[in-house]
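A short write-up of the structure that comes next.
Remember, predicted model here, so these are calculated numbers, not experimental data. Note that ligands are numbered from 1 as they come in the structure, with each ligand's atoms numbered from 1 the same way.
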Amino acid sequence: MVDADGNRYVDLTAGFGVALIGHGHPAVVEAIQKQADVLLHALGDLYPSSVKIELLERLCALSPWPEARAMLSLSGTDAVTAALKTAVMATGRPGVVAFEGGYHGLSYGPLAVSGFAERFRAPFDRQLNSHVHFARWPDTDDAVDRALRSLPNDWSEIGALIIEPIQGRAGVRVPPRGFLNELGKRCRQHGVVLIADEIFTGLGRCGAWWRSVQDGLIPDVICVGKALGGGLPVSACIARKEVMHAWGDPDREAIHTATFYGDPLGAAAALATLDVIEKERLVALSETRGEAFAQALERASLRGVSEIRQVGTMLGLQFEAELGALRVTRALLERGYLVLPAGEHADVVQLVPPVTLSQARFNDFVDALGQVLKAAP
Ligand SMILES: Cc1ncc(COP(=O)(O)O)c(C=O)c1O
């Protein structure tokens, strides 16, 4: 990356997780250019373009269900809104179980189910869905029972449970194995639609197409965004066919849509991105490269880092001190590395580089990080 002043950086944030396949991949750029020659805008739901239909079919084929249906949109927050509405259509119930620390976007529907940092919600609190039950997040094996006990006693008004399979913005918080599967059982028992927010974790970021499935959970709805458009704003809500059918006859007026949803340019970019992920075998690469990145970090015995969390190329460095990540982020910026602070108390440095980042570049980054931490007061 080159900034407005001409300084060069290695981007270990992949632009908030978007550039999973790298920034400006030539195959994506070419697909956008070709599509721009053909058609920039179509009549979304009314007369969809062929690329939109192709993308919907492709996403359904990637889903973990024998038959799926999908809705396209522009942002992660759009995809989560569609998922929450789908759950209401399917169950008729307004309640949602969400998790402390969860981040699902900032428009009204997703904000109401985001447990991350009270400061995001506080000014709007009185306008948010009041039927949201926040459960505890288990960071360790001992915390699983407590998290399960914090689920609602009465599920009669609950229509959806929404979860990030790994909490990203809250600091790459990985739940213990078995927790997601247990939630799946509870949801089935109570007829609740389980929404996996895979906007950050999906499409290979965690070394699998879907982190929820990799971790033993088959959800009912999957939200995908960020990396999907290869740099253009494209997102989707994909669901089991039976759940999505609750919207009724698709030939009737669409009661959830927006002018630019499923635009041809974004659809072409997304199809090219999915091709790249498949052709370059990036899902498997994410797994092996992520492990090698974590090993390089472990070997460096980084001062002030109490834990290294890693699943695929989603990594979090836990700092002992609150706000520790802010100073490190600034110091790394001066050395030409882009990283992001995460965690409610900015005590985690989040590393979500393009899957294609070379080991040599990553090793140089680890050296720079080591120097920054050694120089800390
Ligand atoms: C897990 C998750 N869900 C939803 C969102 C919201 O996506 P967007 O910022 O595209 O609205 C994000 C963004 O960081 C996210 O990480």
Does the protein place any heavy atom closer than 4.0 Å to atom 11 (O) of ligand 1? yes
Classify the ring geometry between Phe116 and Tyr103 as parallel (under 30°), tilted (30 to 60°) or perpendicular (over 60°). perpendicular
Part of Phe16 with heavy atoms under 4.0 Å of ligand 1, whether side chain, backbone, both or neither: neither
Evaluate the ring planes of Tyr261 and His256, with Trp represented by its six-membered ring, and classify them as parallel (under 30°), tilted (30 to 60°) or perpendicular (over 60°). tilted
Give me the nearest non-hydrogen protein atom to atom 6 (C) of ligand 1 as residue plus atom name, then the distance to 0.1 Å. Gly105 CA, 3.7 Å
Check each heavy atom of Lys226 against ligand 1 and say whether those closer than 4.0 Å belong to the side chain, the backbone, both or neither. side chain
Contact partition for Glu164 relative to ligand 1, non-hydrogen atoms under 4.0 Å: side chain
Is it the case that over 12 heavy atoms from other parts of the model lie below 6.0 angstrom from the CZ atom of Phe16? no
N or O pair under 3.5 Å between Gly76 and ligand 1: yes
For the aromatic rings, using the six-membered ring if either is Trp, is the centroid distance between Phe260 and His41 under 6.0 Å? yes
When you look for heavy atoms under 4.0 Å from ligand 1, do you find them on the side chain of Thr77, its backbone, both, or neither? both
For ligand 1, which atoms sit closer than 4.0 Å to a heavy atom of Tyr103? 1 (C), 2 (C), 3 (N), 4 (C), 12 (C), 13 (C), 14 (O), 15 (C)
How close does the nearest protein non-hydrogen atom get to atom 3 (N) of ligand 1, and which residue and atom is it? Asp197 OD2, 2.7 Å
For Glu198 and Thr201, what are the C-alpha separation, side-chain angles and deciding distance, and is it a side chain to side chain donor-acceptor pair (under 3.5 Å)? CA-CA 5 Å; Glu198 296 259 14; Thr201 51; 2.7 Å; yes
For Arg303, look at atom CZ and say whether over 12 heavy atoms of other residues, nucleotides or ligands are found less than 6.0 Å away. yes
Does Arg169 reach ligand 1, in the sense of a heavy atom lying below 4.0 Å from it? no
Does a sphere of radius 6.0 Å around CD in Glu253 hold more than 12 heavy atoms from other residues, nucleotides or ligands, not counting ones at 6.0 Å or beyond? no
